[in-house]
Chemist: 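One structure follows; several queries about it will come next.
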Amino acid sequence: MSDDEPATGPTATGPPKAAATSAPVALPAPSRGRPKPGELNFTAPRAGKPPQHLADLDPAGRKTAVEILGHKGFRAKQLSTHYFERLVESPEQMTDLPKSIRDDLVSRLLPQLLTPIRTLTADNGRTIKSVWRLHDGALVESVLMRYPRRVTICVSSQAGCGMNCPFCATGQEGLTRNMSTAEIVEQVVHAARLLKRGTLDVDDIDAGAQSSPLRVSNVVFMGMGEALANYNAAIAAIRRITEPSPDGLGMSARGITMSTVGLVPAIDKLALEGIPVTLALSLHAPDDKLRDELVPINTRWSVDEAIDAAYRYFEVTGRRVSIEYALIRDMNDQGWRADLLGTKLNARGRGWVHVNPIPLNPTPGSRWTASDPGVQREFVRRLRALGVPTTVRDTRGSDIDGACGQLAAATA
């Protein structure tokens, strides 16, 4: 597993190198092409790094970067205020920056990282999928979802994915490259700007609830990629999202969910970061024989090893863990598998975990489909009978290929 962050410059806090061009180039091929069944890929191509951005740097690094460009250090705080707090989109709105230096600062420290390619809406406007082209031509997607009293953005952390789960469209495309910290953060900032402009104002969604200004309340790392395989960039992005404004977006870490297929050493490392995010373990099978097929990382770290790591995360952080379980007809939805899952979770203790069964979302060419509703209800009943809190995941955006497991299905 690579912990390297693909950001221009010597470190995430160091000064910038010469400005990199943001002109699109040819789309890089996935590092190994379409993966063979069961093949894993932890090594992302390192060519074509995106230009360094303010969000790649911590506050000290931003000050240094501004000074290296020949400007006074306090300009870094002004830029941060415009970007993270005021969500400014146009340099002309940054009126506290002298016009003589504004363009230089913006072009060097706020380069455009995401170019919108397509926007699709579903659920009466409550779900918006954005397709982005990165500086090198790679495509990624994010999904913005409005619920009563909260707004969630599902972000991508890699272009493609190397985990090769056969029921996931992203995994079947292979891994193109890691995303930088700023490329991840930009997805959240874009969502915040949409909300500020009133793009997700839906008249009936908060019926009966006290209205309040809209803001992104939840960030889930459940888009394209395995975020823990791009560890440094993902953790730095979380810090930018949670740092108080104007140094960051000022969101609560408790509103952030980190999803993983079960990279055990990275889960243990995450537990020690001191950031109380929610861990979501994509398990999908309670027995090694089936999980080896559905989630190939299981050939590295078994079901029990993944669950043990999730439990250690709970012990260290006190944060209840989510178990994600895509219900696939006649594959992993048998009653005895629900019993086995509940038994294994209870063996570690009570009150530490919550199971989210997910009706499988269709992907092009897949031979698998969602479980029958009656089978799903029985699976949930068995888990609850064992005292395991269980809630079927609300599926959003499946008609625009924006639901869990579908990202890249329409754009790859």
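Residues take their numbers from the sequence shown, with the count starting at 1.
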Chemist: I'd like to know if E315 and R312 make a salt bridge, using a cut-off of under 4.0 Å between side-chain N and carboxylate O.
Modeler: no

Chemist: Side-chain contact test, heavy atoms from C-beta onward, threshold under 4.5 Å: evaluate it for Y325 versus N332 and give yes or no.
Modeler: yes

Chemist: Do any N or O atoms from the side chain of D136 and from the backbone of A138 form a donor-acceptor pair under 3.5 angstrom?
Modeler: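 Flag set: sc D136 to bb A138 pair under 3.5 Å.
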
Chemist: Working to the nearest 0.5 angstrom, can you tell me the gap between E273 CD and T317 OG1?
Modeler: 12.5 Å

Chemist: Roughly how far, to the nearest 0.5 Å, is NZ of K129 from OG1 of T127?
Modeler: 11.5 Å

Chemist: Run the side chain to side chain contact (heavy atoms under 4.5 Å, CB included) test on I101 and R75 for me, step by step, so that the C-alpha distance in whole Å, both residues' side-chain angles and the decisive distance to 0.1 Å come before the verdict.
Modeler: CA-CA 10 Å; I101 67 172; R75 300 296 183 192; 3.8 Å; yes

Chemist: Verify side chain to side chain contact (heavy atoms under 4.5 Å, CB included) between L294 and M331, making sure each step is shown before the conclusion.
Modeler: CA-CA 9 Å; L294 295 180; M331 178 64 68; 4.1 Å; yes

Chemist: Donor-acceptor check, side chain of S217 to backbone of V151, threshold 3.5 angstrom: yes or no?
Modeler: yes

Chemist: Looking at T260 and G262, would you say the former's side chain and the latter's main chain have a donor-acceptor pair under 3.5 Å?
Modeler: yes

Chemist: Grab the two heavy atoms, one from L109 and one from A65, that are nearest each other, plus how far apart they are.
Modeler: CD2-CB, 4.1 Å

Chemist: Is there a side-chain contact between Q158 and L175 in this structure, where contact means two heavy atoms from C-beta onward sitting under 4.5 Å apart?
Modeler: yes

Chemist: Using modelled atom types and a 3.5 Å cut-off, is there a donor and acceptor pairing between side-chain atoms of S130 and backbone atoms of S142?
Modeler: no

Chemist: Can you see which heavy atom on A234 is nearest to which on M258, and at what distance?
Modeler: CB-CE, 4.1 Å

Chemist: For C165, is there any backbone N or O sitting under 3.5 Å from a side-chain donor or acceptor partner on Q172?
Modeler: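 Yes; at least one donor-acceptor contact below 3.5 Å.
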
Chemist: Any side-chain heavy atom of H190 within less than 4.5 Å of one from L144?
Modeler: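 Answer no - side chains too far apart.
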
Chemist: Side chains of R381 and R384, heavy atoms from C-beta outward: is any pair under 4.5 Å?
Modeler: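 They are not in contact (no side-chain heavy atoms under 4.5 Å apart), so the answer is no.
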
Chemist: If you look at every heavy atom in A310 and V321, which pair is closest and at what distance?
Modeler: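 Nearest pair, atom of A310 first, then V321: O-CG2, 3.4 Å.
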
Chemist: Between atom CG of L290 and atom CG of L340, what is the distance when rounded to the nearest 0.5 Å?
Modeler: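 L290 CG to L340 CG: 11.0 Å, rounded to 0.5 Å.
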
Chemist: Side-chain donor-acceptor pair under 3.5 Å between N41 and N164, yes or no?
Modeler: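 On atom types as modelled, these side chains do not qualify, holding no pair under 3.5 Å.
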
Chemist: Do V261 and W301 pass the side chain to side chain contact (heavy atoms under 4.5 Å, CB included) test, and can you show the C-alpha distance, the side-chain angles, and the key distance before you say yes or no?
Modeler: CA-CA 10 Å; V261 293; W301 295 288; over 6 Å; no

Chemist: Which residue pairs pass the ring-ring contact (aromatic ring centres under 6.0 Å, His included) test when at least one of the two sits in residues 253-286, sequence neighbours left out?
Modeler: F167-H284

Chemist: In the structure I gave you, are the side-chain heavy atoms of P111 and H135 within less than 4.5 Å of one another anywhere?
Modeler: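 P111 vs H135: side chains apart.
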
Chemist: Tell me which one of N218, V216, V220 satisfies side-chain contact (heavy atoms from CB on, under 4.5 Å) with I153.
Modeler: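 That would be V216; it is the only one of N218, V216, V220 passing the side-chain contact (heavy atoms from CB on, under 4.5 Å) with I153.
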
Chemist: Is the Y311 ring parallel, tilted or perpendicular to the W352 ring (thresholds 30°, 60°)?
Modeler: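 Judged by the thresholds at 30° and 60°, the geometry between Y311 and W352 is perpendicular.
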
Chemist: Closer than 3.5 angstrom, by distance alone: can the side chain of E183 be matched with the main-chain N or O of V185 as a donor-acceptor pair?
Modeler: no

Chemist: On a heavy-atom basis, which atom in E92 and which in R102 lie closest, and how many Å separate them?
Modeler: CA-NH1, 3.9 Å

Chemist: What pair of heavy atoms forms the shortest contact from A182 to L113, and how long is it?
Modeler: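 Taking A182 first and L113 second, the nearest heavy atoms are CB-CD1, 3.4 Å.
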
Chemist: May I ask you to decide if M179's main-chain N or O and N230's side chain share a donor-acceptor pair within less than 3.5 Å?
Modeler: yes

Chemist: Go through the steps for E89 and K196 under the test salt bridge (Lys or Arg N to Asp or Glu O under 4.0 Å), then give the verdict.
Modeler: CA-CA 11 Å; E89 300 183 60; K196 184 179 179 181; over 6 Å; no

Chemist: Using modelled atom types only, decide if a donor and an acceptor are shared between the side chain of T181 and the backbone of A233 within a distance under 3.5 Å.
Modeler: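 A pair under 3.5 Å: yes.
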
Chemist: Nearest 0.5 angstrom please: L272 CG to L270 CG, how far?
Modeler: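 If we round to the nearest 0.5 Å, L272:CG and L270:CG are 8.5 Å apart.
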
Chemist: Donor-acceptor pairs are to be reported for all side-chain atoms of residues 243-255 against protein atoms at under 3.5 Å, with residues two or more places apart or in another chain.
Modeler:
{"from": "S245", "atom 1": "OG", "to": "E85", "atom 2": "OE1", "distance (Å)": "3.3"}
{"from": "D247", "atom 1": "OD1", "to": "K77", "atom 2": "NZ", "distance (Å)": "3.2"}
{"from": "S252", "atom 1": "OG", "to": "R254", "atom 2": "N", "distance (Å)": "3.1"}

Chemist: Please answer whether the main-chain N or O of Q376 pairs with a side-chain N or O of D333 as donor and acceptor at a distance below 3.5 Å.
Modeler: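 Not at all, since once roles are kept as given, no pair shorter than 3.5 Å links the two residues.
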
Chemist: Is there a side-chain contact between F42 and L263 in this structure, where contact means two heavy atoms from C-beta onward sitting under 4.5 Å apart?
Modeler: yes

Chemist: When rounded to the nearest 0.5 angstrom, what is the spacing between CG in L134 and CD in E186?
Modeler: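 If we round to the nearest 0.5 Å, L134:CG and E186:CD are 10.5 Å apart.
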
Chemist: If you compare all heavy atoms of V353 against all heavy atoms of P389, which two are closest, and at what distance to 0.1 Å?
Modeler: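 Residues V353 and P389, closest heavy atoms: O-CD, 3.7 Å.
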
Chemist: List for me each residue that meets side-chain contact (heavy atoms from CB on, under 4.5 Å) alongside A338, sequence neighbours excluded, and say none if there are none.
Modeler: F379, R382, L383

Chemist: With heavy-atom distances below 4.5 Å as the criterion, would you say the side chains of T299 and L40 are in contact?
Modeler: yes

Chemist: For L57, does its backbone N or O pair with a side-chain atom of R240 as donor and acceptor, under 3.5 Å?
Modeler: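 The answer is yes, because a donor-acceptor pair under 3.5 Å joins these two groups.
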
Chemist: In Å and rounded to the nearest 0.5 Å, what is the OG1 to NE2 distance from T278 to H354?
Modeler: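 Rounded to the nearest 0.5 Å, the OG1-NE2 separation comes out at 11.5 Å.
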
Chemist: In sequence, state the C-alpha distance, the side-chain angles, and the governing distance for I307 and R348, and then conclude on side chain to side chain contact (heavy atoms under 4.5 Å, CB included).
Modeler: CA-CA 9 Å; I307 295 176; R348 276 81 177 175; 3.6 Å; yes

Chemist: Is the shortest heavy-atom distance from the side chain of V295 to the side chain of M163 under 4.5 Å?
Modeler: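 No, side chains not in contact.
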
